[in-house]
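Keep in mind the model is a prediction, meaning the values are calculated, not measured.
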Amino acid sequence: MSSNPEEEGVLRSPAGFAEEIAEYETTVRRAVSSGQLLTAIEVAKDGLHRFPDNLTLRQQLALAQTQAGALEAAEAVLEDLVKESPKDEETLSLLGRIHKELWRRATNPDAGAAALQQACEFYGAAFELKHAYYPGINLAFCLLAAGKREQALDCAEKVAKSCKLELDALRDSADGWLHGTYAEALVHLGDIDQAAVHYRKAAQLFRGRWRDLSSMQSQARAIAGLLKDAPTGRVRWSDLGSFQRRARSLFSGPRALDRDWLDKCFDFPSVVVFAGHMVDAAGRTTPRFPAAREGEVRAAIKAKLEEHNAGIGFSSAACGADLIFCECMLERGARVNLVLPCPVEAFKLQSVTFAGGDWEKRFHAVLAAANSVLFANASEAAPSHSDPATAQALVYSNRIVTGLAALQAHSLRLDLHAVTVWDGRGGDAPGGTASIVSDWKRRNLTVHVIPPPTPPGTPPPAAPAAAAAPDVRQEIKAVINAELLNYRRITEGKLPLYIREFKGRVGALLAELKIRPVVAEIWGGTHHLVFDDLEAAARFAVGFRDLVQGTDWVALGLPADLGVTIALHAGPVFVFDDAVQGRQTCVGAHISRPARIVPVTPRGHIYASQEFAALCGAEGITVVGFEFLGRVHTTRLFEDAPLYRVDRIDDSQA
C-alpha cells in the first residue's frame, strides 16, 4: 500500500469510503456522548477535511462546539447547513440549542429574551416537521422558560404521549434518549415518581456517556426551578392511561422532603487528579514508601477511588504511587490521562527504572493503555528536583496535570477530587509531592491524603540543605507573540505617526490594565512579550487585539488594513540579567512556542497552546474562554499541536 494519502484514496473502492465515513461518524458521536469534546471536534474536523460535504460530521462538529462553549463557531457551521437545507430537523434543533445557550449566558434581559424567542422558533420549526420528541421536549423547556406555561404543558403532553407509544412498541430495545426524554416530559407534568424510573433506566443504558447524563440532570433541575417559581396553572389529567400527572410545583407536598430524588437517579463518576511518592530506591536511609508495602498502598488507593466513584484520572506515571493509581483506574475501566515532565526515555531514567523489578514493564503497559499522554517539556533532559535551575519544569508539569483535570471536570460538570499518597511532611524540593499538595490547597481543592505505610519508629527525614539561588533561574512565564499585519505598508515618513499613535496607544493600554511585561521586544511588526502571570497575558492579548481591530487607523494617518494575529503559551523559561543588554531577559524552548503558532492564526484571532489553557484552568482564570480547535499543523518544530482559540468571556471583567 502506498504511503501517499492521495494515492491510497485512488486505490480504495467506494465501499471503503463508505466504511470510513461511518467510522468517523461513529467515533464523533461516541466522543460527544461521553463528553470527550476535544476529541469529537478534532475527529470531526479531520473527517471533514476528507469528506467536506458529510452532513452528520458537520452537525456533530456544531454540537461538540456548542457543548464546548464555542457558540460562534457552531453557529457559522449551522448557518451554512440551513442555507443548503432549510427544513432539516437536526440543523434547526441545533440552532435552537445555540440560542438556548445564548439565553443562559445573557446578562442583558432583553438580549436573553430575544435569544429565548429565537430558540422557541427554531425548536418549533423542527417540531412541526415530524413532531419528533427531541425538538419537542426542548420546545417545552424554552416555552416554560419564556413564561408560557400553558403552551409548555401542552407541548410536554404531546411529547409524553409520543414517547409512551414508542416505549410500548420498542420495550427493551428503547434507547436512553427515549427514556430520558419521557422522564423529562413527566417532570414537566409533575409525575416525578415515574420520571425517576425512566431517568434510572436512561442512566443504566448510558453508563459512560457522562455528558449526555449530565445534560439530562441539568435540564430536569432547570425545569424544577422554573416550575417552583411559576404560578400554579390548571390541573388536567392525562388520557394516556399508564400514569397520572399533576401539573403542579415539583417541590410542593410530600416531595418537599426528598429534594435529592433526581441525584439518586444517576451515578456520576468523579474526576481525580493524583500525585504521590515514588517507591523507595534501594539503600534509602530513611524509609518513606518501601516496595514491600505496595499492597497496603494499592488497597488504600482502591478504597479511595471506590469512595469517590472515580471515572477519569489525571496523573504522572512514576514508579510507586502514580503507577499504582493508574493501574487501579484501569482495573475500574476508568480513563487515564498522563502528563509527563519530559520525553519517555528521560522520564524512565529519572522516575521509573531506578526502582528495578517490573516497574518499567508496568510503566509501558500504563502508557499503552492511557487515553492521552502529554509531554510538558520538549527537552530531552529530565528536570531535577535538586537543580534549582530546572525544578520549575516539574512544578509546571504538575500544574498542567491539575489544570487539565479542572478543565475536564468543568466540561462534564463532575466533581474534582485531589488524591495523594503523602507522608505529610513538608520540605521536599519544588515539584515534589508536598509541593503539589501545597499547590492544590492554594487553589482551594480538598485534598484526600493516603499516608504511606512507613515502618514504625521511622525518624523524620533530615531537612534538605538550602540551595544557593542560581544566577540563572527557571520560572513559569506567559509568553505572547503578536504579528502586526501590513506593518510594511507604514512608510518611512509615517514612522513618527506610528510611534505616537500606535505605540502610544499600546502603552496606554498597559497603563490602563495596570500590568507591565517582564520582557517586551519589538522587531518591525513582531511583538514579543513575557508576563509574570497568565491572567496578565490574557488581559493584554484581548485588549491588544481589540485595540488593533477597533481603531480607525486611517483617521490617524496610518494604513487602513492594519490587523493582528496573536499567540499565547506558558512554560518554564530561564530568567537572568543579560550583561549585554543591561536588563532582565528570558530564554528557553518555551519562549519560541508562540512564534510557531502565529503563522496559522487568522487575522483578529488569538490562539493558545494546550499548556496555556490547562494552566488557566488550574489557576481558575475566568477572564477568557477557550475553544478547542483540534490538532493544528504549525511548523516542523511544533507541528500537530493541540490549539485553542481564546476570547473574552465577560467584558465587565476585562
Side-chain angles (χ1 to χ4, degrees), residues 272-308 310 313-332 336 338-342 347-367 382-386 391 394-395 397-398 401-402 417-441 447-464:
V272 174
V273 57
F274 182 88
H277 293 310
M278 290 189 289
V279 71
D280 290 348
R284 180 183 173 98
T285 56
T286 305
R288 183 176 61 184
F289 182 178
R293 313 296 289 271
E294 179 186 336
E296 297 167 67
V297 172
R298 179 178 292 273
I301 290 175
K302 277 188 174 181
K304 190 61 67 176
L305 298 183
E306 183 67 26
E307 176 187 339
H308 295 315
F314 290 83
S315 75
S316 185
C319 65
D322 288 352
L323 279 176
I324 296 170
F325 164 76
C326 293
E327 290 168 344
C328 290
M329 289 290 287
L330 292 171
E331 288 171 9
R332 292 175 56 83
V336 171
L338 301 178
V339 178
L340 304 184
C342 54
F347 180 78
K348 286 197 303 181
L349 287 173
Q350 179 196 60
S351 304
V352 180
T353 55
F354 75 85
D358 62 351
W359 286 108
E360 183 174 3
K361 179 180 178 181
R362 292 164 66 178
F363 166 79
H364 281 291
V366 166
L367 196 67
S384 171
H385 293 286
S386 60
L394 296 170
V395 175
S397 180
N398 294 335
V401 172
T402 303
H417 298 285
V419 177
T420 180
V421 172
W422 177 45
D423 61 5
R425 295 166 177 165
D428 61 348
T433 305
S435 171
I436 300 170
V437 171
S438 177
D439 203 46
W440 287 345
K441 290 180 178 178
V447 182
H448 306 275
V449 178
I450 299 171
T454 52
T458 300

**Prompt:** Quick one: are Ile324 and Asp322 in side-chain contact, heavy atoms under 4.5 Å?
**Reply:** no

**Request:** Measure the spacing between OG of Ser316 and CZ of Phe325 and express it to the nearest 0.5 Å.
**Result:** 11.5 Å

**Asked** CD of Glu360 to CG of Leu349: how many Å apart, nearest 0.5 Å?
**Response** 8.5 Å

**Request:** Might you point out which heavy atoms bring Leu394 and Pro341 nearest each other, and give the distance in Å?
**Result:** CD2-CB, 3.8 Å

**Fill in**
Minimal heavy-atom distance between Val339 and Ser397, with the atoms involved, is CG1-OG, 3.6 Å

**Complete:** Scanning both residues in full, the closest heavy-atom pair of Ala317 with Phe363 reads O-CD1, 3.5 Å

**Message:** Can you confirm whether Met278 sits close enough to Ser351 that some side-chain heavy atom of one is under 4.5 Å from a side-chain heavy atom of the other?
**Reply:** yes

**Asked** Say you draw a straight line from SG of Cys342 to NZ of Lys348; how long is it, rounded to the nearest 0.5 Å?
**Response** 12.0 Å

**Prompt:** Taking atom types as modelled and ignoring hydrogens, do the side chains of Lys304 and His417 form a donor-acceptor contact shorter than 3.5 angstrom?
**Reply:** no

**Request:** Side-chain contact test, heavy atoms from C-beta onward, threshold under 4.5 Å: evaluate it for Lys302 versus Arg332 and give yes or no.
**Result:** no

**Shortest non-hydrogen contact between Ser315 and Cys326, atoms and distance** = OG-SG, 3.4 Å

**Request:** State whether the number of non-hydrogen atoms from other residues, nucleotides or ligands found under 6.0 Å of Glu331 atom CD is greater than 12.
**Result:** yes

**Asked** Can any side-chain N or O of Arg288 pair as donor or acceptor with the backbone N or O of His277 at less than 3.5 Å?
**Response** no

**Request:** Kindly compute the distance separating CG (Leu305) from NE2 (His448), expressed to the nearest 0.5 Å.
**Result:** 11.0 Å

**Prompt:** Shortest non-hydrogen contact from Pro287 to Asp280?
**Reply:** CA-OD2, 3.4 Å

**Asked** Side chains of Thr353 and Trp359: is there a donor and an acceptor less than 3.5 Å apart?
**Response** no

**Message:** Using only atom types and a distance under 3.5 Å, with no angle test, would you say the side chain of Thr420 pairs donor to acceptor with the backbone of Val449?
**Reply:** no

**Message:** Within the structure provided, determine whether Arg362 and Val366 are in side-chain contact (heavy-atom separation under 4.5 Å).
**Reply:** no

**Prompt:** Are Val273 and Val419 side-chain neighbours, meaning at least one heavy-atom pair lies under 4.5 Å?
**Reply:** no

**Working for side chain to side chain contact (heavy atoms under 4.5 Å, CB included), residues Leu330 and Val336** = CA-CA 7 Å; Leu330 292 171; Val336 171; 3.8 Å; yes

**Prompt:** Are any of the side-chain heavy atoms of Ile450 and Ile301 separated by less than 4.5 Å?
**Reply:** yes

**Prompt:** For Glu294 and Phe289, which heavy atoms make the closest approach, and how far apart are they?
**Reply:** CA-CE2, 4.0 Å

